[in-house]
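Let me begin by presenting the structure, written as structure tokens, before commenting on it.
Chain A is the first sequence line, chain B the second, and so forth, proteins listed ahead of strands; every chain is numbered from 1. All figures in this text were calculated on a predicted structure; none of them were measured in a lab.
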Number of protein chains: 2
Amino acid sequence: MAVTIKDIARKVGVAPSTVSRVLSNKSKYYTSETAEMVRNAAKELGYKKNQAAVELVKKRSNVIAAVVSSVKTNFAEQIIDGIQQEARQNGYNLIIVYSGSADPEEQRHALLTAIERPVMGILLLSIALTDDNLALLQSSDVPYCFLSMGFDDDRPFISSDDEAIGYQATKLLINKGHRKIGIAGIDQYPYTGRRRLEGYKKALKEADITVSQDWIQPGDYSYASGEAAMKAFGKHTELTGVIAASDMTAIGVLNQANSFGIAVPTDLSIVSIDGTEMCNITRPQLTSISQDFFQMGVIGVQMLQQSVADGSERVDSQQFLPVSAVNRKSVRTLD
Amino acid sequence: MAVTIKDIARKVGVAPSTVSRVLSNKSKYYTSETAEMVRNAAKELGYKKNQAAVELVKKRSNVIAAVVSSVKTNFAEQIIDGIQQEARQNGYNLIIVYSGSADPEEQRHALLTAIERPVMGILLLSIALTDDNLALLQSSDVPYCFLSMGFDDDRPFISSDDEAIGYQATKLLINKGHRKIGIAGIDQYPYTGRRRLEGYKKALKEADITVSQDWIQPGDYSYASGEAAMKAFGKHTELTGVIAASDMTAIGVLNQANSFGIAVPTDLSIVSIDGTEMCNITRPQLTSISQDFFQMGVIGVQMLQQSVADGSERVDSQQFLPVSAVNRKSVRTLD
DNA sequence: ATGAAAGCGCTAACAC
DNA sequence: GTGTTAGCGCTTTCAT
């Protein structure tokens, strides 16, 4: 039998409620003497709070749940680091639950794992929720916020501006003299790939460059997408630059280019999107449009906190974080 | 106010206990008619089970907690995939909590986040717990098991045999004619690095090769460790093969070798340890001693289940999973 | 400052 | 098969 506040109360000779007050630091309602006795007894008995009981009566916990998709890109780790740091600093605990990004049933399970206990808030990392599951989430009255994914309805999110990403990546290449620029591995999903594509087209249009349809090779942000895209561009491609949908995609493009005997950046320049550590372990290192993933996590927690503080039970904020071009070694200036 | 079983009971006109029975699938104790009415009402009202209440009375939940360290190697994802799959298949939910691998205070927090609710079991992924925190874990009466880390006391674990790994990696190189073999990025931690080193030395000894002290470059399994080790071996190293502590370390070695103008595998062969996807995205692809991380997760869940089933409340098993050499392109046969 | 008592939402005997 | 009842361990009025 686990030790409870009753055991402590009995041992010290006070009422359970007093023990509760001490252990919850309701500092106005006990003397330091009782406090010390209680704390000693608690330690001696090896007392551990039963959170289930606490949550049952308080109907709220200090736990933040992060729902992450198990897609094989690695930026999630940076977001989680940001969440973790900010959560810890503010006295919250973090639990993470996995969900395949697509399967609705798995999404639902992940969501329920989080919702079925009174968490303080929920953060969703690049999860494309089905309508049913979104409704489920909303019905739970727990504040939530999407991270690394933007929407054009009124769902709260914190994300990079995907159009800006596409635009800046393209612009970077154009500014270095490139005019034939491909884009690899972007998906067709309305809220990310499509917006990046729009940015890409906008920059091209501004420079009076006509896009050829085969410059655009869709995919799913994976390494394989990068390889496939480069294969489609071909050994004798007219392209002098390509934008990759993610760091892993960029590595796929790079490797396939090498297999073709195309030297990067001499024959072909690559701009990656994300800017994770992967960019530093390739040869050449990958120039990228980098996102501030860590900060996304930090702000996500702050949004949750705020909506709890003002009692709104709902995050009301859609924000884009700035992105930045990081020049490494994979882009060459054309003369 | 959230909807409870009482609300459903009132609506349907039955007792709360009947609702409970239906919703918990105690199938012998209700008719299919009541069941249907109850389920309909539940759906209509948007009922969601309050797990805190369930856990309070049952003192056990269907949640498995995985404690992971935020070290920057990527095998954890594979273990988690294994845990997740096996957990789902057996009706368990998985929550993950992060802990820096070293900081005792952070470890403690992570542990408490898991322990403070009645989880079904705890899996620890390559976490080196301090003595205090181990005691804390043991005091919780929840079955636990370490994954990807072995011990010489009686703690339950599932891991690869690190000595076998070191031995096989070395043997692989020896069998291909190598005799001057370095080892890079291994740590001094008694339960992993040291055992791999022992395997390395054993294989060398069997082949009557005398180890030179500067063949052994310690580190922390990181990319940087690989770079540093290769720098220490030097541009004009006598080594013809090196074993890397992890895939990321191997990439560090590879890149630094290239910087030196040393061609892999022509001038230098590399054997990596782990065998994650990283091995496939380098050029050349990395030959590795691969661990079955996915299976570690699967078996971990099974061990937990078993110890719950037999009421022992304690996993009693220390097992090594087989490892396998996967030949890719980074090892050359010497003549 | 402390105690007594009620109750959070659910499950599990125990009756019938 | 279903209702009744008694808690699970904690927090929180309400007294004192």
Side-chain angles (χ1 to χ4, degrees), chain A residues 1-39 41-42 45-63 112 115-120 140-142, chain B residues 1-39 41-42 45-63 112 115-120 140-142:
Chain A
M1 200 61 242
V3 3
T4 74
I5 52 170
K6 273 191 187 170
D7 300 322
I8 299 178
R10 201 174 315 123
K11 170 152 187 168
V12 179
V14 296
S17 46
T18 301
V19 176
S20 169
R21 288 190 266 256
V22 171
L23 264 23
S24 315
N25 294 308
K26 304 243 171 302
S27 32
K28 310 193 98 114
Y29 302 109
Y30 53 80
T31 58
S32 50
E33 294 93 73
T34 36
E36 191 172 334
M37 291 170 63
V38 166
R39 280 194 250 270
L45 264 27
Y47 171 76
K48 272 185 295 296
K49 198 176 260 207
N50 182 334
Q51 282 296 343
V54 178
E55 288 168 14
L56 180 57
V57 29
K58 300 227 279 201
K59 297 157 179 292
R60 188 109 309 177
S61 73
N62 64 158
V63 172
L112 284 176
I115 291 176
E116 282 184 343
R117 66 210 72 240
V119 293
M120 169 271 200
S140 75
D141 290 328
V142 173
Chain B
M1 201 60 243
V3 3
T4 73
I5 53 170
K6 274 192 187 170
D7 300 322
I8 300 177
R10 201 175 314 124
K11 171 153 186 168
V12 179
V14 294
S17 49
T18 301
V19 176
S20 169
R21 289 191 266 256
V22 171
L23 265 21
S24 316
N25 293 307
K26 304 241 173 305
S27 33
K28 308 190 99 113
Y29 302 109
Y30 54 81
T31 58
S32 51
E33 294 93 75
T34 37
E36 190 172 334
M37 291 169 63
V38 166
R39 280 194 250 270
L45 264 27
Y47 170 77
K48 272 183 296 294
K49 195 177 265 207
N50 182 334
Q51 283 295 344
V54 178
E55 289 168 13
L56 180 57
V57 29
K58 299 227 280 202
K59 298 158 178 291
R60 187 109 310 178
S61 73
N62 64 156
V63 172
L112 283 176
I115 292 177
E116 281 184 343
R117 66 210 73 240
V119 293
M120 170 270 200
S140 74
D141 289 329
V142 174

For [X] and [N], what is the distance between atoms [atom1] and [atom2] respectively, to the nearest whole Å?
| X | N | atom1 | atom2 | result |
| --- | --- | --- | --- | --- |
| A:Ile8 | C:dT2 | CD1 | P | 15 Å |
| A:Arg21 | C:dA4 | CZ | P | 11 Å |
| A:Arg10 | D:dG9 | CZ | C1' | 13 Å |
| A:Glu55 | D:dT11 | CD | P | 11 Å |
| A:Asn25 | D:dT12 | CG | P | 13 Å |
| A:Arg60 | C:dG9 | CZ | P | 13 Å |
| A:Tyr30 | C:dG3 | OH | C1' | 17 Å |
| A:Lys58 | D:dC10 | NZ | P | 12 Å |

Query - Sidechain-backbone polar pair: B:Asn25 side chain, B:Ser27 backbone, donor-acceptor under 3.5 Å - result: no
I want to check one thing: is the phosphate of [N], taken as OP1 and OP2, less than 4.0 Å away from some side-chain N or O of [X]?
| X | N | answer |
| --- | --- | --- |
| A:Lys26 | C:dA1 | no |
| B:Lys59 | D:dG9 | yes |
| B:Lys48 | C:dG9 | no |
| A:Ser17 | C:dA5 | no |
| B:Thr4 | C:dC8 | no |

Query raised in the report: Over its full length, what angle do the end axes of the helix from C:dA1-D:dT16 to C:dC16-D:dG1 make, each axis taken from five pairs and the result rounded to 10 degrees?
Result: 30°
Report task. State which residue, out of A:Val19, A:Ile5, A:Asp7, fulfils the side-chain contact (heavy atoms from CB on, under 4.5 Å) condition with A:Tyr47. Result -> A:Ile5
Query raised in the report: Between B:Lys48 and A:Ile115, which heavy-atom pair has the shortest distance, and what is it?
Result: CD-CG2, 3.6 Å
Report task. Would you classify B:Thr31 as touching base, sugar-phosphate or nothing, given that sugar-phosphate means primed atoms plus P, OP1 and OP2, and contacts are heavy atoms under 4.0 Å? Result -> sugar-phosphate
Report task. Flag the pair B:Arg117 / B:Val63 as yes when at least one side-chain heavy-atom distance between them is below 4.5 Å, and no otherwise. Result -> no
Requested in this report: Might you confirm whether atom OH of B:Tyr29 has over 12 heavy atoms from other residues, nucleotides or ligands at distances under 6.0 Å?
Outcome: no
Query raised in the report: Closest nucleotide of DNA chain C for A:Tyr29 versus for A:Ala53: which of these residues is on the 5' side?
Result: A:Tyr29
